[in-house]
Each structure stands twice: as structure tokens, then as C-alpha cells.
Peer 1: 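Quick one: the structure is below, and I'll ask about it shortly.
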Protein chains: 2
Amino acid sequence: MVRLSKKMEYALMALKHFALAEGGIVTAKEISEKHNIPYELLAKILQKLKKDKVLSSIQGTKGGYQLLKKPDEIDLFFLMHTIDGDMALTECQCSHNENGKCTLKELCTIKQPVTKMQKEIEDIFKSKTVSDFV
Amino acid sequence: MVRLSKKMEYALMALKHFALAEGGIVTAKEISEKHNIPYELLAKILQKLKKDKVLSSIQGTKGGYQLLKKPDEIDLFFLMHTIDGDMALTECQCSHNENGKCTLKELCTIKQPVTKMQKEIEDIFKSKTVSDFV
DNA sequence: TTAATCAAGACTAAATTAGTCTTATTTGGG
DNA sequence: CCCAAATAAGACTAATTTAGTCTTGATTAA
């Protein structure tokens, strides 16, 4: 099954919200309530986005988050890495398995064409940015 | 995370095996042993492929499976449906949720662009056939 | 009759994903 | 100074999905 994680959906919804706020400060609570996203979960997503320099944060009362990058500078491939970690179509393609952890090893007879397909799907994700979702 | 299921990998490996057997009868056991695929799991995959007219089966001793379709007639989109069921990038895109089961409902603000992206990814799957994996 | 095979469904286990809880820390304002 | 509202971070639990196993039965060539 090929599917965006809930986290990715939430991240996109949140980033759309930030984009529409046009640089203003927005709190996790505001986004959580407006879009019906579990607060704690959203908070962690925003923290990840901060860690990867997509957002900046302001602590304390009157605090919140702000967009650091422009919506059209945030592509979905980057976002997937930030939110979900490695994106790979099959186990043997992802980076932490390059050194022979894939149980199929040389027995796996479909690796090459899968790699090609992987590339094509990655390109789709790279070609989409948050601005496409606003 | 976007990833092919193990079942899809196994199905592709098995179908490649059938393709190379050029119409000959192949048993589940043979494929299972040669490619290190759990027998019972593979057996169920082959049964699904039979149900969707990709393979035909012959029961009894000397039995086995045979390709019914040509490798280039079996595209990965069809295969995903056969093996994994619905393929949808987000919950609200998949057919069994059309009637309002998606918890985000109208609150979901990213539906349209996701639908477009979904279409592009589906097109990639439709453009690949088993013959690309042989 | 027996052994090898497909057929089918129930069951269990493992892995992943989603969501919650708890305990800080920061900071503006009364 | 203290409180309330906010971010920060990690442990924990729950739910879902995926992978794999077990069992029982039917078919058929030798």
C-alpha cells in the first residue's frame, strides 16, 4: 500500500495554514483546533519542522511558530524526510539497508527496475511544494 | 512512508519467475525455495493472482500454476489492487471512504492537490508492467 | 492408496503508525 | 515574583497494518 502518513497530511495542512498566515506567528493550539489535529502530535511535527529550518519558534506567552522558508521552497521529498524519515519503495532501497541488511540479498531479482521506479516517484515528490497545496 | 508491500515484492519476483519459465507449469514450492519466500504467504499471493486471471492453476500431483496473461499485459496498478487492495495516497481518496468515513471531512484542506498527485503516481504504476521486471 | 499439489480461512506475531502522558523550560504580563 | 500560555522532548500506550503460520480439506498422477 502506497500512502501518505497522517503526519504528512497534518504537516501539509499546517504548512498551508502558515502560508495563508503570510509570515505571522501561529500557535500549535490554533492549528490543532482549526483543523482537528491532535495537539501533541501536531506539536511534535512542528518541532521537527523547526529542527529542519522550515519553521522558527518563539517560546513563552505570545510565542508560536513562523515560516522560515517560502512555501515554494518546501518540496514534498524534503518534507517526507523531515516527517517520516527514509522514503524507499522497497526495503533494499533505503539507506540503512545498503550494507546488506536486506534479507533478500542477491536473491532479490527485481532490484534494478524498482530503483528506476523509485526515482520516478521521488521526482514527483520533488516536483511538488507546499505552494501547490495552498 | 511510501513503500511497496512485501507481498508486492513477492508477487513481482514470482511473476518474473513465471515469465522466465515461458508458459511452463511452476509450483509454489519451487518459487518459494528459489527466492526464499515464505511458502504459505506465496501460496496465498498465487491464489489471488489466479482469482484475478493472471495465473491459471492445475491441481493434484504434477500440478502448479501457469501464466494466463502476457508479462506486458500485467501492469503494477492492476497488481496492487489484486495483491494489496485499494491504493490511495490518503485515506479520503480511497473508494471505501467516498461516503464520508474520512474523519477530516470538509476540514481537510489539501484534498484536491493530493488527488492530482495521486493520479500522477497511479500513472507511474500503470506504465510499468511485469515485463519491465524480467 | 499415497504423496504432491492447490484452496481457503483462521490465527498469531511483528512492525509501523498514531496518539497520549508527563515533565520540563521559556517568557510576557499582572 | 508568580502565573498562564506557549514551546521542547522523550517515554509510553494504543491502534492499525503487514507479515507470517497453522490447520484442514480437495484434487489428481502414479
Side-chain angles (χ1 to χ4, degrees), chain A residues 1-11 13-14 25-33 35-52 54-66 80 83-88 90-91 94 96-97 101-104, chain B residues 1-11 13-14 18 25-33 35-52 54-66 68 80 83-88 90-91 94 96-97 101-104:
Chain A
M1 196 74 86
V2 172
R3 177 164 298 185
L4 293 183
S5 67
K6 281 278 180 203
K7 284 182 194 169
M8 269 297 279
E9 286 183 44
Y10 295 157
M13 288 163 75
I25 296 174
V26 182
T27 66
K29 191 174 174 232
E30 183 183 335
I31 296 175
S32 157
E33 287 176 352
H35 301 284
N36 225 11
I37 303 173
Y39 175 79
E40 317 281 354
L41 191 50
L42 177 67
K44 284 200 291 193
I45 290 168
L46 298 183
Q47 281 165 32
K48 280 187 183 176
L49 291 173
K50 187 209 166 180
K51 214 169 263 172
D52 277 5
V54 175
L55 300 174
S56 61
S57 74
I58 300 146
Q59 283 198 316
T61 328
K62 304 281 168 187
Y65 295 90
Q66 262 179 315
M80 292 266 296
I83 303 299
D84 288 328
D86 248 353
M87 170 186 172
T90 59
E91 195 187 347
C94 62
H96 50 79
N97 270 315
K101 273 177 64 187
C102 174
T103 49
L104 298 173
Chain B
M1 195 74 87
V2 173
R3 177 163 298 184
L4 291 183
S5 68
K6 281 278 180 202
K7 283 182 195 170
M8 269 297 279
E9 287 184 43
Y10 295 157
M13 289 164 73
F18 279 105
I25 296 174
V26 182
T27 66
K29 191 173 174 232
E30 182 182 336
I31 296 175
S32 158
E33 286 176 352
H35 302 284
N36 224 14
I37 302 173
Y39 176 79
E40 317 281 352
L41 191 50
L42 177 68
K44 283 201 290 194
I45 291 167
L46 299 183
Q47 280 165 33
K48 280 185 183 177
L49 290 172
K50 186 209 167 179
K51 214 169 263 173
D52 276 4
V54 175
L55 300 175
S56 61
S57 72
I58 299 145
Q59 283 200 315
T61 327
K62 302 281 170 188
Y65 294 91
Q66 261 179 317
L68 260 187
M80 293 264 297
I83 303 299
D84 287 327
D86 248 353
M87 168 186 172
T90 60
E91 194 186 348
C94 62
H96 50 78
N97 269 315
K101 273 177 66 188
C102 175
T103 49
L104 299 172

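Just so it is clear, the model here is predicted, and its values are computed rather than measured. Throughout, protein chains are lettered first and strands after them, A, B, ... in sequence-line order, and every chain is numbered starting at 1.
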Peer 1: Using a distance-only criterion (donor-acceptor N/O pair, under 3.5 Å, no hydrogens), is the base of dC22(D) paired with the side chain of E40(B)?
Peer 2: yes
Peer 1: Among the nucleotides dA9(D), dG20(D), dA18(C), which one has an atom lying closest to any side-chain atom of Y10(B)?
Peer 2: dG20(D)
Peer 1: What is the distance from CG of D84(B) to P of dG20(D), rounded to the nearest Å?
Peer 2: 13 Å
Peer 1: Any side-chain N or O of K50(A) under 4.0 Å from OP1/OP2 of dT7(D)?
Peer 2: no
Peer 1: If you look at every heavy atom in G63(A) and T27(A), which pair is closest and at what distance?
Peer 2: O-CG2, 3.5 Å
Peer 1: Could you tell me whether the side chain of K44(B) has a donor or acceptor atom within less than 3.5 Å of a complementary atom in the base of dT21(D)?
Peer 2: yes
Peer 1: Please give me the minimum heavy-atom distance between K7(A) and D84(A), naming the atom from each residue.
Peer 2: CB-OD1, 4.2 Å
Peer 1: For I37(B), does its backbone N or O pair with a side-chain atom of S32(B) as donor and acceptor, under 3.5 Å?
Peer 2: yes
Peer 1: From dT7(D), dA8(C), dA29(D), pick the nucleotide closest to the side chain of K51(B)?
Peer 2: dA8(C)
Peer 1: Could you check how far CD1 of I25(B) sits from P of dT28(D), rounded to whole Å?
Peer 2: 13 Å
Peer 1: In Å, rounded to the nearest 0.5 Å, how long is the span from CD1 of I25(B) to CD1 of I58(B)?
Peer 2: 3.5 Å
Peer 1: Please tell me which of the listed nucleotides, dA4(C), dA7(C), dG19(C), lies nearest to the side chain of T61(B)?
Peer 2: dA4(C)
Peer 1: Grab the NZ-C1' distance between K7(B) and dA14(C) for me, whole Å please.
Peer 2: 14 Å
Peer 1: Report the distance from atom NZ of K29(B) to atom CD1 of I31(B), rounding to the nearest 0.5 Å.
Peer 2: 13.0 Å
Peer 1: Begin from the C-alpha positions of Q47(B) and Y65(B) and carry the test side chain to side chain contact (heavy atoms under 4.5 Å, CB included) through to its verdict.
Peer 2: CA-CA 9 Å; Q47(B) 280 165 33; Y65(B) 294 91; 3.8 Å; yes
Peer 1: Under 4.0 angstrom, heavy atoms only, what part of the nucleic acid is Y39(A) near: base, sugar-phosphate, or nothing?
Peer 2: base
Peer 1: Return the nearest nucleotide to the side chain of S57(A); candidates are dA18(C), dT7(D), dG20(D).
Peer 2: dT7(D)
Peer 1: Taking all atoms of both residues into account, what is the closest heavy-atom pair of Q66(B) and F18(B), and its distance?
Peer 2: N-CE2, 4.1 Å
Peer 1: Which nucleotide wins on minimum distance to the side chain of K6(A), given the candidates dA19(D), dA18(C), dC6(C)?
Peer 2: dA18(C)
Peer 1: For L4(A) and dT16(D), what is the distance between atoms CG and P respectively, to the nearest whole Å?
Peer 2: 19 Å
Peer 1: Students often get this wrong, so: under 4.0 angstrom with heavy atoms, is I58(B) touching a base, only sugar-phosphate, or nothing?
Peer 2: sugar-phosphate
Peer 1: May I have the distance from I37(A) (atom CD1) to dA18(C) (atom P), rounded to whole angstrom?
Peer 2: 12 Å
Peer 1: Using atom CG of D52(A) as one end and atom P of dA8(D) as the other, report the distance to the nearest whole Å.
Peer 2: 14 Å
Peer 1: Please report the shortest heavy-atom distance between L46(B) and L55(B), naming the atom on each side.
Peer 2: CD2-CD1, 3.8 Å
Peer 1: Name the closest nucleotide to the Q59(A) side chain, picking from dT20(C), dT27(C), dA19(D).
Peer 2: dT27(C)
Peer 1: Within this structure, what is the CG-to-C1' distance between L41(A) and dG10(D), rounded to whole angstrom?
Peer 2: 15 Å
Peer 1: In this structure, how many angstroms lie between the P atom of dG19(C) and the CE atom of M8(A), rounded?
Peer 2: 16 Å
Peer 1: Does anything in residues 26-33 of chain A reach DNA chain D, meaning a heavy atom under 4.0 Å, and if so which residues?
Peer 2: T27(A), A28(A), K29(A)
